[in-house]
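No experiment lies behind these values; they were computed from the predicted model shown. Numbers for residues simply follow the sequence, beginning at 1.
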Amino acid sequence: MTSMSRARVARRIAAGAAYGGGGAGLVGAAVVGLVLAELRLARRHVGNGGGGRVPAADGVYGHAYDIPGEPPLRLTLLGDSTAAGQGVHRAGQTPGALLASGLAAVAERPVELRNVASPGARSDDLDRQVALVLSSPTPVPDICVIMIGANDVTHRMPPTRSVRHLAAAVRRLRTAGAEVVVGTCPDLGTIEPVQQPLRWLARRASRQLAAAQTIGVVEQGGRTVSLGDLLGPEFEANPRELFGPDNYHPSAEGYATAAMAVLPTVCAALGLWPEEERPDVSRREGFLPVARAAAEAASEAGTEVTAAMPTGPRGPWALLKRRRRRRVPEAEPATPSL
């Protein structure tokens, strides 16, 4: 499928989400059924992560940067098992802890982490998660990171419905004053027990949803980072290193790789990352119609998409950036939140 074709599919899904449609599918129904059957067999084969238990990583990171009277930055994670950190055994190995430690190092300021993500969650659970965040007596987070989408594909949630829930979550968080970064649907074609040609079909479905997610998020004022390719060539080349013991969820090294891709965008959203005056053409950065930017981002890991111009010759435009990754410091033990 060409970039333009992917852009058209993503645009149809996002339009259906925005205007209440429900008919746009990822791939043919029979094909989806085959993919889902294979994925469910794979999940039973690997045990899907050992019962959903995840290390508790909430707390304050970066105490070396304490300044009397200055509150810590507030970071909240929402989403599914990837956001929660399922598959690792120590709190410091979870993506939330890695992002909090990395953000503290860049900002030179402590970061208070809260994680409301739930293993097995689909996009329709974001309404509950956002309510937890906004009903808390603590201040609204400075930034929220959402990782969601894999369970939407494996449970046959219509993509228009999936994007509608995600866009609504981003809108509520942005209206409350939080910056929002979304790690889009990962590449399900990398799960080892899934064989060809279903592996290719799972990849296609994942990327189509990721592109549609990007359009919905950017239209609500959030930013996205593609996780698809991180769980593609790198995971395929080093499956024993980058997948956890269940061969389904990332290992500690896999989560660190994902955190390195998301951290620059988190920092940029908070004004902590040095921005070039112009996109780097040599890195194929630039301003594109939002649907085309979304399609390109879905096929290349670590690619950021953010709103640029409200309108252009073909509708809203976005800025596509390929940020250089920095090493995420190893997460220190957090001081639990009171």
Item to complete: Please determine if Glu296 and Arg284 form a salt bridge, counting it only when a charged side-chain N lies under 4.0 Å from a carboxylate O.
Response: no
Non-hydrogen side-chain atoms of [X] and [Y] separated by less than 4.5 Å:
X: Tyr65; Y: Val111; result: no
X: Leu77; Y: Val116; result: no
X: Leu113; Y: Val60; result: no
X: Leu73; Y: Glu112; result: no

Worksheet item: To which residues is Leu288 joined in a hydrophobic cluster, defined by side-chain heavy-atom contacts under 4.5 Å among Ile, Leu, Val, Met, Phe, Trp and Tyr, whether direct or through other members?
Response: Leu320
Quick one: closest heavy-atom pair of [X] and [Y], and the distance?
X: Gly120; Y: Asn151; value: C-ND2, 3.3 Å
X: Val181; Y: Ala269; value: CG2-CB, 4.3 Å
X: Val225; Y: Gly302; value: CG1-CA, 3.9 Å
X: Trp317; Y: Phe287; value: CZ3-O, 3.2 Å
X: Pro95; Y: Thr82; value: CG-O, 3.1 Å
X: Leu134; Y: Ala176; value: CD2-CB, 3.7 Å

To the nearest 0.5 Å, what is the distance between [atom1] ([X]) and [atom2] ([Y])?
X: Leu99; Y: Asn115; atom1: CG; atom2: CG; result: 10.0 Å
X: Arg164; Y: Arg161; atom1: CZ; atom2: CZ; result: 8.5 Å
X: Leu166; Y: Ile215; atom1: CG; atom2: CD1; result: 12.0 Å

Pairs of donor and acceptor atoms involving the side chains of residues 138-150, under 3.5 Å and at least two apart or interchain, shall be tabulated with distances.
unit_1: Thr138; atom_1: OG1; unit_2: Ser136; atom_2: OG; d: 2.7
unit_1: Asp142; atom_1: OD2; unit_2: Arg74; atom_2: N; d: 2.7

Worksheet item: Can Thr306 and Val218 be said to form a side-chain contact (heavy atoms from CB on, under 4.5 Å), step by step?
Response: CA-CA 6 Å; Thr306 187; Val218 168; 5.7 Å; no
Who are the side chain to side chain donor-acceptor pair (under 3.5 Å) partners of [X], not counting sequence neighbours?
X: Thr175; result: none
X: Asp125; result: Arg128, Gln129
X: Arg114; result: none
X: Ser162; result: Ser123, Asp152

Item to complete: Please lay out, stage by stage, how Tyr255 and Leu98 fare under the test side-chain contact (heavy atoms from CB on, under 4.5 Å).
Response: CA-CA 8 Å; Tyr255 280 128; Leu98 293 165; 4.3 Å; yes
Worksheet item: Could you give all pairs that pass the salt bridge (Lys or Arg N to Asp or Glu O under 4.0 Å) test and reach residues 93-110, with sequence neighbours left out?
Response: Glu70-Arg109
Item to complete: Just grab all the salt bridge (Lys or Arg N to Asp or Glu O under 4.0 Å) pairs involving residues 174-186, residues at least two apart or on different chains.
Response: Arg174-Glu179
Worksheet item: If we ignore angles and hydrogens, is there a donor and acceptor under 3.5 Å between the side chains of Thr184 and Gln213?
Response: no
Between [X] and [Y], is there shared hydrophobic-cluster membership here, with clusters defined by ILVMFWY side-chain heavy atoms closer than 4.5 Å?
X: Val163; Y: Val153; result: yes
X: Leu173; Y: Val182; result: yes
X: Val262; Y: Leu272; result: yes
X: Val133; Y: Val217; result: yes
X: Leu75; Y: Leu227; result: yes

Going by the rule side-chain contact (heavy atoms from CB on, under 4.5 Å), which residues pair with [X] if we only count those two or more places apart in sequence or in a different chain?
X: Glu285; answer: Pro279, Asp280, Arg283, Lys321, Arg322
X: Pro55; answer: Val88, Ala91, Thr94
X: Ala167; answer: Gln220

Discussion item. Checking Leu78 against Thr76 for the side-chain contact (heavy atoms from CB on, under 4.5 Å) test, could you report, in this order, the C-alpha distance in whole Å, the side-chain angles of both residues, the deciding distance, and whether it holds?
Written reply: CA-CA 7 Å; Leu78 307 89; Thr76 296; 4.1 Å; yes
Practice prompt. Return yes if some donor-acceptor pair links the side-chain N/O of Thr214 with the main-chain N/O of Thr224 below 3.5 Å, else return no.
Written response: no
Fill in: Contacts of Arg122 that satisfy salt bridge (charged side-chain N to carboxylate O under 4.0 Å, His left out) - sequence neighbours left out
none
Item to complete: Could you please spell out the steps behind the side-chain contact (heavy atoms from CB on, under 4.5 Å) verdict for Val305 and Leu319?
Response: CA-CA 6 Å; Val305 180; Leu319 174 60; over 6 Å; no
